[in-house]
Amino acid sequence: MPTRRASASKCASNGDLKQSIDFSQLVRPAQQLLADVGDFMTLAHGDVLMLGCGHGRPLARAGDRIDISAPGFETLSNTLVKEAA
């Protein structure tokens, strides 16, 4: 399993930093979590395992652009759309 270490991730909404998460504060290290998930799921190249952000998570609505970044990774950017009725 390749090793990628990021000390923190940041979440921005419409260009404003909303949250920064320090991975050293996780209950279980990211490498261990990935190994545990791999025990019961097949993960393929390009799969994404999101780590929770817990208390104080930012709220977003349709039209907001969300950017998630971490050292060593490309920024993941999405614009939220309203759910179809």
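Remember, predicted model here, so these are calculated numbers, not experimental data. Along the sequence shown, the residues carry numbers beginning at 1.
- The distance from the CG atom of Leu43 to the CE atom of Met41 is 6.0 Å, given to the nearest 0.5 Å.
- Going from atom CD1 of Ile68 over to atom SG of Cys11 covers 5.0 Å, rounded to the nearest 0.5 Å.
- With sequence neighbours left out, Ser20 forms a side chain to side chain donor-acceptor pair (under 3.5 Å) with no residue at all.
- Separating the CD atom in Gln19 from the OG atom in Ser13 is a distance of 12.0 Å, to the nearest 0.5 Å.
- Here Asn14 pairs with Asp64, Arg65 under the side-chain contact (heavy atoms from CB on, under 4.5 Å) rule; sequence neighbours left out.
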Could you pull out every donor-acceptor pair under 3.5 Å between side chains of residues 78-85 and any protein atom, sequence neighbours left out?
none

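- Sorted by first and then second residue, the pairs that involve residues 21-41 and meet salt bridge (Lys or Arg N to Asp or Glu O under 4.0 Å), not counting sequence neighbours, are Arg28-Asp36.
- In this structure, Leu59 is not a member of the same hydrophobic cluster as Leu17, with clusters built from ILVMFWY side-chain heavy atoms closer than 4.5 Å.
- Listed by chain and number, the residues in a side-chain contact (heavy atoms from CB on, under 4.5 Å) with Asp16 are Lys18 (sequence neighbours excluded).
- A search for side-chain contact (heavy atoms from CB on, under 4.5 Å) contacts involving Thr75 returns Asp67, Ser69, Ser77, not counting sequence neighbours.
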